[in-house]
Amino acid sequence: MLDAGHSIRTRTCGSLAVDDVGSHVTLAGWVDSRRDHGGLIFVDLRDRSGIVQCTFDPAAAEAFETAERLRPEWVVELRGEVCRRPDGTENPEMATGQVEVEISLANVLNTAETPPFEVEDGIDTDETTRMRYRYIDIRRPEMLAALVMRDRITQLFRRALENRSFLEIETPILTKSTPEGARDFIVPSRMNPGRFYALPQSPQLFKQLLMVAGVERYYQMARCFRDEDLRADRQPEFTQVDIEMSFCTQEHVLSLVEEIVAEVMTGAGVEWPERISRVTHAEAMNRWGSDRPDVRFGMELHCLVDVFAASGFKVFADALASGRRIKGLNAKGCGDWSRSRIDALNQIVADAGAEGLAWIAFASTGEIRSPVAKFFSAEEMAGLREKVGAEDGDLVCIVAAEHDLANEALGVLRTHLGQEAGLVQGGFRPMWVVDFPLFEWVEDEQGWSSSHHPFSRPFDEHVELLEDDPGSVLSHSYDLVINGVEVGGGTLRIHDCAVQERVLAVLGIGGQEAREKFGFLLDALTYGAPPHGGIALGFDRLVMLLVGGDSIRDVIAFPKTSSGACPLTGAPDEVSVRQLKDVHLKLE
RNA sequence: GGGGGUGUAGCUCAGCUUGGUUAGAGCGCUGGCCUGUCAAGCCAGAGGUCGCGGGUUCGAGCCCCGUCACUCCCGCCA
């Protein structure tokens with residue numbers, strides 16, 4: 001609760017209650033609304049703590065005349081006596097609805113222009129307008145509540161980490177651009193013509209250096225910068241709870257993070273499971289078609305290769321003959337959907353890269369609709385129904401494609417169906433997805449790239465495969481996924497210089513370039529680097545989940561638009577010729 | 001870079017299908033009335049570069065082309 005101390009007020013609006021009846025108070029805040037009955041004026045006064053109704057009677061002439069002039073969002077100091085509201089006029093919708101303050105003295109501290117939108121919850125104003133007038137937007141209780149939640153989570157993390165001997169250490173914002181990963185924001189150096197700093201995509205390398213330095217347990221509420229295209233859950237700058245620890249196994253990291261997150265989430269007042277379930281990356285792909293599955297609903301993927309092993313349906317037979325897979329899912333309760341609604345699903349799997357969708361709709365009347373069922377034998381039909389657990393009223397969707405693609409296409413479809421069919425339930429369903437492949441093949445560049453980052457530690461028994469079979473190397477890696485949102489990711493790190501050089505080499509960063517770009521890390525690894533690992537939690541996303549928002553912009557005080565602009569300040573903006581000259585830049 | 005959606009009063013939107021008189025509504029705003037409201041009520045009023053530019057047409061908010069902004073998604077985001 002907001003403290004009234006050290007201010008011109010003696011109490012805050014939201015703190016007033018029946019116990020205060022009879023006391024004389026001085027309040028300060030903004031006029032939330034004014035209701036003028038001619039001979040009696042009501043003013044709802046709002047401060048950070050809440051809203052309380054103030055009454056102005058003509059008997060207090062001076063205050064009454066002031067009240068007649070008041071307008072929404074004017075800033076006022078009001079003095080009066082807390083009174084119980086007359087019988088029948090209490091407002092149960094209001095936290096302070098049992099009382100009101102009879103004002104005897106009103107002092108206008110500032111006037112206000114009519115705001116561009118009303119200060120109330122549940123508004124539907126264009127986000128650009130809200131951002132441009134963010135200082136008004138934040139007066140809305142739900143916006144303020146998001147910032148309050150954000151602060152609370154920050155404090156809970158700090159306390160949880162501090163209690164476990166973690167040191168909060170700041171790392172540079174002006175740092176060095178390194179290859180791989182996201183595009184860097186770059187900052188020209190005035191004192192070093194032609195040279196540039198980069199803003200950190202994350203403090204990854206610095207936290208590893210801190211482990212070499214013997215810090216052993218580090219954390220930071222770290223601001224990170226990535227110059228990539230934005231999304232509802234991606235801003236050009238965002239905050240990570242960055243954590244790193246030494247002398248640990250993957251199990252140590254997971255169990256510790258699990259404790260910390262449980263403390264934070266229960267501290268935030270939500271239901272949180274005692275244990276976070278774990279699945280491997282491969283299992284997640286097979287069961288849900290995603291490396292960040294939303295497990296608030298079922299609809300798991302099923303392998304139908306056995307069911308259709310001897311199928312006379314040419315599409316399936318050809319697929320199996322060429323080594324592709326047949327997988328399907330059961331869209332519970334969608335069996336009575338219209339043909340056009342089902343056809344729309346076809347587009348979804350097509351956009352995901354699959355050739356097409358085979359579907360069988362089991363209407364609740366027992367009728368079966370399907371463009372393909374006529375090609376299935378009775379055994380296949382029975383086998384299919386049994387395998388996916390299809391009952392009357394269900395819709396079975398099948399994709400035949402190369403292994404990974406079948407999973408991914410159905411995964412996209414599953415996510416869509418979960419929302420469309422209203423299967424998604426409330427609450428929080430976290431899970432660990434572990435054992436990601438160390439590398440991913442990038443078709444465009446005909447090369448390997450890291451699935452987490454180049455410093456992830458391969459399984460010891462896979463190190464020998466690095467050069468000959470990079471695709472099958474697994475890493476000590478883990479993503480924390482909550483309700484389908486990737487909230488965090490981490491790995492054990494490579495602490496052996498030779499292994500680090502070999503991994504960089506697979507990524508196409510050979511000897512000379514590795515020295516130039518990562519020499520400082522490689523050097524550090526040779527001076528007694530302890531085994532270490534950690535995680536980075538997407539703080540904005542976590543808070544977004546906690547306030548039930550759709551976008552991390554809702555939990556950032558001053559966010560940017562999807563083109564990276566700030567409607568409030570006008571950033572990014574042009575700079576003077578002089579400024580450009582200072583940093584030795586010429587524009588094209 | 002690609003695809004979808006949106007852009008009309010301060011805010012939220014209708015009008016666009018099928019071009020045609022003076023572009024409407026709710027909220028907000030301004031003024032008046034009103035002593036128990038809390039979405040106050042009643043009466044009156046002000047308020048428009050129909051995102052911007054070009055084109056078609058006798059005539060464009062509406063049709064066409066371009067462009068900008070916002071937004072969602074794909075690519076991208078170790």
Side-chain angles (χ1 to χ4, degrees), chain A residues 32-45 51-59 64 68 71-73 83 85-94 96-97 100 102 113-133 136-137 178-184 201-202 204-205 224-236 238 347-348 350-353 408 412 415-416 436 438-440 442-445 448-456 475 477 486 489-491 503-504 507 509 536 538 550-551 553 560-565 567:
Chain A
D32 195 65
S33 75
R34 186 182 68 116
R35 295 176 294 279
D36 187 344
H37 288 239
L40 176 68
I41 299 173
F42 298 98
V43 169
D44 287 346
L45 187 70
I51 293 174
V52 71
Q53 173 168 284
C54 301
T55 64
F56 294 78
D57 190 281
F64 187 81
E68 286 183 306
R71 290 294 181 271
E73 302 310 314
C83 302
R85 289 196 187 188
D87 280 348
T89 67
E90 302 90 347
N91 184 351
E93 306 288 310
M94 245 174 129
T96 59
E100 60 193 11
E102 287 182 8
E113 293 294 317
T114 301
F117 49 87
E118 289 165 71
V119 178
E120 61 183 18
D121 282 347
I123 63 167
D124 193 20
T125 302
D126 178 71
E127 229 183 319
T128 318
T129 309
R130 289 174 48 204
M131 281 189 212
R132 181 169 171 203
Y133 298 98
I136 297 172
D137 197 32
T178 54
E180 281 271 325
R183 189 177 296 112
D184 286 319
Q201 298 171 26
S202 83
Q204 180 61 37
L205 293 173
C224 306
F225 307 86
R226 295 176 190 178
D227 188 6
E228 295 291 348
D229 287 357
L230 307 179
R231 289 282 194 285
D233 61 353
R234 282 169 20 195
Q235 282 272 299
F238 59 98
Q347 192 58 46
I348 290 169
D351 288 346
E408 286 164 23
V412 172
T415 304
H416 174 85
F436 283 69
L438 187 62
F439 303 108
E440 293 169 349
V442 180
E443 201 61 40
D444 286 354
E445 292 164 17
W448 295 99
S449 97
S450 299
S451 35
H452 267 87
H453 55 57
F455 321 107
S456 302
S475 63
S477 52
E486 184 194 326
T491 61
V503 167
L504 289 172
L507 295 168
I509 304 172
D550 296 319
S551 159
R553 293 188 298 267
K560 292 179 176 62
T561 69
S562 66
S563 66

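Throughout, protein chains are lettered first and strands after them, A, B, ... in sequence-line order, and every chain is numbered starting at 1. Atom set for the values below is all heavy atoms of this structure, side chains included, hydrogens, waters and symmetry mates excluded. Values in this document were obtained by computation on a predicted structure and should not be read as measured data.
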Visitor: May I have the distance from I123(A) (atom CD1) to C13(B) (atom P), rounded to whole angstrom?
Guide: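 So the two atoms are 11 Å apart, to the nearest Å.
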
Visitor: With rounding to the closest Å, how many angstrom separate the C1' atoms on C50(B) and A9(B)?
Guide: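 Rounded to whole Å, the distance is 10 Å.
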
Visitor: How close do E100(A) and Q53(A) get, counting heavy atoms only, and between which atoms?
Guide: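 Shortest heavy-atom contact: OE1-NE2, 3.1 Å.
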
Visitor: Decide yes or no, distance alone: a donor-acceptor N/O pair under 3.5 angstrom between the base of C77(B) and the side-chain of R226(A).
Guide: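 Absent.
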
Visitor: Quick one: side chain to side chain contact (heavy atoms under 4.5 Å, CB included) partners of D184(A), sequence neighbours excluded?
Guide: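 By the side chain to side chain contact (heavy atoms under 4.5 Å, CB included) rule, D184(A) matches S177(A), I186(A), A198(A), Q201(A).
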
Visitor: Please encode protein proximity along nucleotides 1-11 of chain B as a string of B, S and -, counting only heavy-atom distances under 4.0 Å.
Guide: B--------SS

Visitor: Does a salt bridge link E90(A) with R85(A), judged by any charged N lying under 4.0 Å from a carboxylate O?
Guide: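 Judged by the 4.0 Å cut-off on N to carboxylate O distance, E90(A) and R85(A) do not form a salt bridge.
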
Visitor: Give a yes/no answer on whether the side chain of R130(A) brings an N or O atom under 4.0 Å of OP1 or OP2 in U12(B).
Guide: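 Answer is no, no contact under 4.0 Å.
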
Visitor: Could you tell me how far C68(B) sits from U21(B) if I compare only their P atoms? Round to whole Å.
Guide: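 Approximately 33 Å lies between the P atom of U21(B) and that of C68(B).
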
Visitor: Strictly by Watson-Crick or wobble contacts shorter than 3.5 Å, is anything paired with C29(B), and which nucleotide is it?
Guide: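 Per the H-bond distance test, G45(B).
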
Visitor: Minimum heavy-atom separation for T178(A) and L205(A), please, with both atom names.
Guide: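 Looking at all heavy atoms of both residues, the closest pair is CG2-CD1, 4.4 Å.
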
Visitor: Indicate, with a heavy-atom threshold strictly under 4.0 Å, whether S202(A) touches base, sugar-phosphate, or nothing.
Guide: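 Result for S202(A) = base.
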
Visitor: Hey, does Q204(A) reach any base, or is it just sugar-phosphate, or nothing, if we go heavy atoms under 4.0 Å?
Guide: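 Base, at least one base atom sits under 4.0 Å.
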
Visitor: To the nearest 0.5 angstrom, please state how far the OG1 atom of T89(A) sits from the CG atom of D87(A).
Guide: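 So the OG1 of T89(A) and the CG of D87(A) are separated by 7.5 Å.
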
Visitor: Working note: D36(A) + R34(A), criterion salt bridge (charged side-chain N to carboxylate O under 4.0 Å, His left out); need CA distance, chi angles, decisive distance, verdict.
Guide: CA-CA 6 Å; D36(A) 187 344; R34(A) 186 182 68 116; 3.4 Å; yes

Visitor: Scan P567(A) against the nucleic acid and name what it touches under 4.0 Å (heavy atoms): base, sugar-phosphate only, or nothing.
Guide: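 Since no nucleic acid heavy atom lies under 4.0 Å of P567(A), the category is nothing.
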
Visitor: Given the C1' atoms of G51(B) and C62(B), what is the spacing between them in whole Å?
Guide: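 Comparing C1' positions in G51(B) and C62(B) gives a spacing of 16 Å.
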
Visitor: Check the distance between G75(B)'s P and L230(A)'s CG and give it to me in whole angstrom.
Guide: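 One finds 15 Å between P of G75(B) and CG of L230(A), rounded.
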
Visitor: Rounded to the nearest Å, what distance is computed from the CD atom of residue E113(A) to the C1' atom of nucleotide U30(B)?
Guide: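 Going from E113(A) (CD) to U30(B) (C1'), I get 14 Å.
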
Visitor: Mind checking the P distance from A69(B) to C63(B)? Whole angstroms is fine.
Guide: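 A69(B) and C63(B) have their P atoms separated by 23 Å.
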
Visitor: When the P atoms of G55(B) and C11(B) are compared, how many Å lie between them, rounded to an integer?
Guide: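 Per the computed distance, 30 Å lies between those P atoms.
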
Visitor: Considering only the C1' atoms, how many Å lie between G48(B) and A25(B), rounded to the nearest integer?
Guide: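 It comes out at 15 Å once rounded to the nearest Å.
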
Visitor: Judged by each residue's nearest nucleotide on RNA chain B, which is more toward the 5′ side, S451(A) or E127(A)?
Guide: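 The residue whose closest nucleotide sits nearer the 5' end is E127(A).
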
Visitor: Measuring from I41(A):CD1 to T55(A):OG1, what's the distance to the nearest 0.5 Å?
Guide: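 Taking CD1 in I41(A) and OG1 in T55(A), the distance rounds to 10.5 Å.
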
Visitor: When rounded to the nearest 0.5 angstrom, what is the spacing between OG1 in T125(A) and CD in E120(A)?
Guide: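 The OG1 atom of T125(A) sits 8.5 Å away from the CD atom of E120(A).
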
Visitor: Does R132(A) make a side-chain N or O approach to OP1 or OP2 of A69(B) shorter than 4.0 Å?
Guide: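 The answer is no; no side-chain N or O of R132(A) sits under 4.0 Å from OP1 or OP2.
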
Visitor: Does the protein touch nucleotides 34-42 of chain B at the base, only the backbone, or not at all? Give it as B, S and - per nucleotide, heavy atoms under 4.0 Å.
Guide: BBBBB-B--

Visitor: Rounded to the Å, how far apart are I348(A) CD1 and C74(B) P?
Guide: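 In whole Å, C74(B) P and I348(A) CD1 are 12 Å from each other.
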
Visitor: Can you tell me how far the CZ atom of F225(A) sits from the CZ atom of F238(A), to the nearest 0.5 Å?
Guide: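 Atom-to-atom, F225(A):CZ and F238(A):CZ are 9.5 Å apart.
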
Visitor: Rounding to a whole Å, what distance do you find between H416(A):NE2 and C74(B):C1'?
Guide: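 Rounded to the whole Å, the gap is 16 Å.
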
Visitor: Does C70(B) have a Watson-Crick or wobble mate here (both distances under 3.5 Å), and if so which one?
Guide: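 C70(B) is paired, partner G5(B).
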
Visitor: Please measure how far the C1' atom in G19(B) lies from the corresponding atom in A60(B), and state the result in whole Å.
Guide: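 Result for the C1' pair: 6 Å, nearest Å.
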
Visitor: Could you let me know what C58(B) is paired to, Watson-Crick or G-U wobble, both distances under 3.5 Å, or none if it's on its own?
Guide: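 C58(B) is paired with G20(B).
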
Visitor: Both E440(A) and A565(A) contact RNA chain B. Which one's nearest nucleotide lies toward the 5' end?
Guide: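 The answer here is A565(A).
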
Visitor: Answer yes or no: is there an ion pair linking R553(A) with E127(A), defined by an N-O contact shorter than 4.0 Å?
Guide: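 Yes, R553(A) and E127(A) are salt-bridged.
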
Visitor: Indicate, with a heavy-atom threshold strictly under 4.0 Å, whether S562(A) touches base, sugar-phosphate, or nothing.
Guide: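 Base, at least one base heavy atom under 4.0 Å.
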
Visitor: Counting distance only, does the side-chain N/O of H453(A) pair as donor-acceptor with the main-chain N or O of F455(A) below 3.5 Å?
Guide: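 Yes.
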
Visitor: Taking CD from E68(A) and P from U30(B), how many angstroms apart are they, rounded to a whole number?
Guide: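 After rounding, the gap between these two atoms is 14 Å.
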
Visitor: Are side-chain N/O atoms of S33(A) and R35(A) paired as donor and acceptor at under 3.5 Å?
Guide: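 Side-chain D/A pair, S33(A) to R35(A): present.
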
Visitor: Considering only the P atoms, how many Å lie between C43(B) and G26(B), rounded to the nearest integer?
Guide: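 Nearest-Å result for C43(B) against G26(B) at atom P: 11 Å.
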
Visitor: Rounding to a whole Å, what distance do you find between D444(A):CG and C74(B):C1'?
Guide: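 Going from CG in D444(A) over to C1' in C74(B) covers 13 Å.
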
Visitor: How would you label the contact of A352(A) with the nucleic acid (heavy atoms, under 4.0 Å): base, sugar-phosphate, or nothing?
Guide: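 Result for A352(A) = nothing.
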
